[in-house]
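This report concerns only the one structure given below.
These numbers come from the heavy atoms of this one structure, side chains and all, not from hydrogens, waters or symmetry mates. Sequence lines set the chain letters: A, B, ... in the order given, protein chains first and strands last, and positions in each chain run from 1.
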Amino acid sequence: MNLFAYFHDKIAAEIAALGFDLDTSRMSVEPPRDPAHGDVSANAAMVLAKGAGMKPREFAEKLRPRLARLDHVIVAEVAGPGFINLKLDNAFWYARLGEILRAGPAYGDSTAGQGRTVNVEYVSANPTGPMHVGHGRGAVVGDALAALLHKMGHVVVREYYVNDAGAQVDALARSVHLRYRQALGETVGEIPDGLYLGDYLIETGAVLARRDGKKWLGCPESEWLAPVRDFAIEEMLALIRADLDLLGIAFDVFSSERRLVRAGAIEQAIAELEQQGLIYIGTLEPPKGMLPEDWEPRPQTLFRSTAFGDDVDRPIKKADGSWTYFAADIAYHWDKHKRGFADMIDVWGADHGGYVKRMQAVVNALTHGKATIDVKLCQLVNLSDGGQPVRMSKRAGNFVTLRDVVERVGKDVVRFVMLTRRNDQTLDFDFAKVVEQSKDNPVFYVQYAHARARSVMRLAAQHFGANEIDAATLSRGPLDLLADADEIALVRQLAQWPRTVEGAAQMHEPHRIAFYLHEVAASFHALWNKGNADPGLRFVVESKRDLTRARLALVQAMAFVVASGLKVIGVTPAEELR
RNA sequence: GCGCCCAUAGCUCAGAGGAUUAGAGCAGCCGCCUUCUAAGCGGCAGGUCGUUGGUUCGAGUCCAACUGGGCGCGCCA
């Protein structure tokens, strides 16, 4: 249960019961910034007083006595310009604790998404080589976002768009053909400009040589290009899938650009736009201040994206008459919508930022405003090792790959660290730091809290029968023995989890989960240490079995919430850290 | 030149238009292990929320301009 949504409904009902017919959707019910102000804070009076023809404080005073009589409310106060703050009794928090224990790691699951379909497209790295660390960030952000939306009750499809139709896969084919000739004993010398240099293609060329022998030697490119390209793309996708697998990421759908092109999807999409009068032939102004060397005015086929707030209209055909990448992307996003997605989320690298407006324009036009598209731009990842920057020379083909990083520090560390910044902030990733076992390291810190909780449960198992301390039994236990203010505060914090999930899902901000978990872990570590100072506050007090079981309930609930959050992030909760 | 993103403590960053007192972590200083993992915790100190205006009963949060940084800017994807 999202307790704030619960009180929102209760308060709305009381407003209706007072005889007001007001739109309560603008009313927010939230935790007050200062806990001293209570547990729940509503701005109802400020938002609604005008419609009721009253002053905010007057409205609040009228509502206050009714809210004071609600179940579990011990105090209702009017504060400041007209906030109504509610303080809740401990019984309310004991009920939440029981709820967490019954739900387990499913706590926080919501039906708020109402089964509405969401397509999350992420990674979509060109199938020309192994993934690098920047791709890894997008992969984690997209995957966690998908998990979050799923937890919210959305039907989520995780999708990878394979750019297998452009010039870069031809360059790939030529590069592989070169390595293939090399594998068959030819001396190829310097790799020509425009081809891929990476050593990983040596193996790909050798595999092709083993499979097809000398079949592609001595014949014109027109004969070998297509088959070698198909082979190379398959090989590269296999490479990428293996990299993703290391991170525990699997996609539901791989969408092929080439297939769309072949099916005539571009022509169809452009025809639709044409029908709306959004396609025309025109000449673009040169970009000011940054003039390309060979600039000359040229009439082009353009999409009128300025009609939807873009800065200039965008070309959909190249000079040679072939479609631009943008044209294919138009078809692709229309295809997504036609496959039944009302909402689309694309996770891109920040270098694609200039592309966002035109994509939104297209989706807007093609779906007549019925579909939404949100683009999450991920900023750069700066790799370093003990403070020294790690060079990532892609040109030399020996750059640090995602695989290198995951193999060195582990999947869990990579996934968590990628979410310790908002997606639009650059992220520093230091090898030495992220494997450090200290409170410097948020991954470790959160894992340590979970491991500590499991350790307590293991210890407790020595004093209790297993059936006395399972979650279901603990949930029925005498929870009202929890009386320490910090214990109640932890329950209160755990009870914020459903709201945290809903907020992060609505805002498409998975990093909030990582920050929330860090806060929960901090509270738990603090509580643990109170047991060091005062043995009476330790979780396991052998002489007081009922009190111990009440505290074990709290410990177990904390572990469940952490596990629930780590599941969204895709990190395995640690049973112990040794 | 134009567009997008960013600017919060010495450093790295959170912050869902709300109320006196803007929060974490690191770094600094002072404390806490005969005790479930001290791989941790408590305390002190540290801020004109880049600048200037505007909207509002109320702005770190919304709007505008400016300053500084990142990314991008027809026939790459």
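If A:Thr283 and A:Phe539 are placed on RNA chain B by their nearest nucleotide, the residue sitting closer to the 5' end is A:Phe539. Heavy-atom nearest nucleotides on RNA chain B were determined for A:Arg298 and for A:Glu509, and the one closer to the 5' end corresponds to A:Glu509.
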Worksheet item: Given the rule in the salt bridge (Lys or Arg N to Asp or Glu O under 4.0 Å) test, do A:Arg549 and A:Glu468 qualify, once you have shown the distances and angles that lead to the verdict?
Response: CA-CA 8 Å; A:Arg549 294 202 311 134; A:Glu468 287 179 278; 5.2 Å; no
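B:A77 and B:A59: their P atoms are spaced 49 Å apart (whole Å). Atom name C1', nucleotides B:A9 and B:G28: the rounded distance is 13 Å, in whole Å.
Remark: A:Arg545 is positioned above the aromatic ring of A:Phe464, its terminal NZ or CZ atom under 6.0 angstrom from the ring centre and at most 45 degrees off the axis.
Distances shown here put a side-chain N or O of A:Tyr445 below 4.0 Å from the OP1 or OP2 atom of B:C41. Within the structure, a side-chain polar atom (N or O) of A:Arg422 is placed less than 4.0 Å from OP1 or OP2 of B:A14.
Here the C1' atom of nucleotide B:C5 and the CZ atom of A:Arg421 are 17 Å apart, to the nearest Å. Note: CG (A:Leu577) to C1' (B:C36) measures 15 Å, nearest angstrom. If you measure from atom CG of A:Asp430 to atom P of B:C13, you get 13 Å, rounded to the nearest angstrom.
Using a cutoff of 4.0 Å between basic side-chain nitrogens and carboxylate oxygens, A:Lys376 and A:Asp346 are not scored as salt-bridged. Salt bridge annotation for A:Lys530-A:Asp484: present, with a cationic side-chain nitrogen under 4.0 angstrom from a carboxylate oxygen. Between A:Lys318 and A:Asp320 there is no salt bridge, since no side-chain N of the basic residue sits under 4.0 Å from a carboxylate O of the acidic one. Comment: A:Lys336 does not engage A:Glu159 in a salt bridge, judged by the lack of any side-chain N to carboxylate O separation of less than 4.0 angstrom.
Using bins of under 30°, 30° to 60° and over 60° for the plane-to-plane angle, the ring pair A:Phe303/A:Phe326 lands in the tilted bin. Aromatic ring pairs are classed by plane angle as parallel below 30°, tilted from 30° to 60° and perpendicular above 60°; the pair A:Phe524 and A:Phe539 is parallel.
Between the side chains of A:Arg512 and A:Tyr516, no donor-acceptor pair of N or O atoms lies under 3.5 Å.
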Discussion item. One character per nucleotide, please: for nucleotides 62-72 of chain B, 5' to 3', B when the base has a protein heavy atom closer than 4.0 Å, S when only the sugar-phosphate does, - otherwise.
Written reply: --------SSS
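Residue side chain A:Tyr448 fails the stacking definition with respect to B:G40, as its ring centre and the base's six-membered ring centre are not both under 5.5 angstrom apart and under 30 degrees in plane angle.
Put simply, the side chain of A:Asn529 and the base of B:G40 share a donor and an acceptor less than 3.5 Å apart. Taking only distance into account, the side chain of A:His37 meets the base of B:U20 through a donor-acceptor pair shorter than 3.5 Å.
Every stem involving RNA chain B, taken as at least 3 paired positions in a row under the Watson-Crick or G-U wobble test at 3.5 Å, is listed here: B:1-7 with B:67-73, B:10-13 with B:23-26, B:28-32 with B:40-44, B:50-54 with B:62-66.
With its glycosidic angle more than 90° from 0, B:C26 is assigned anti.
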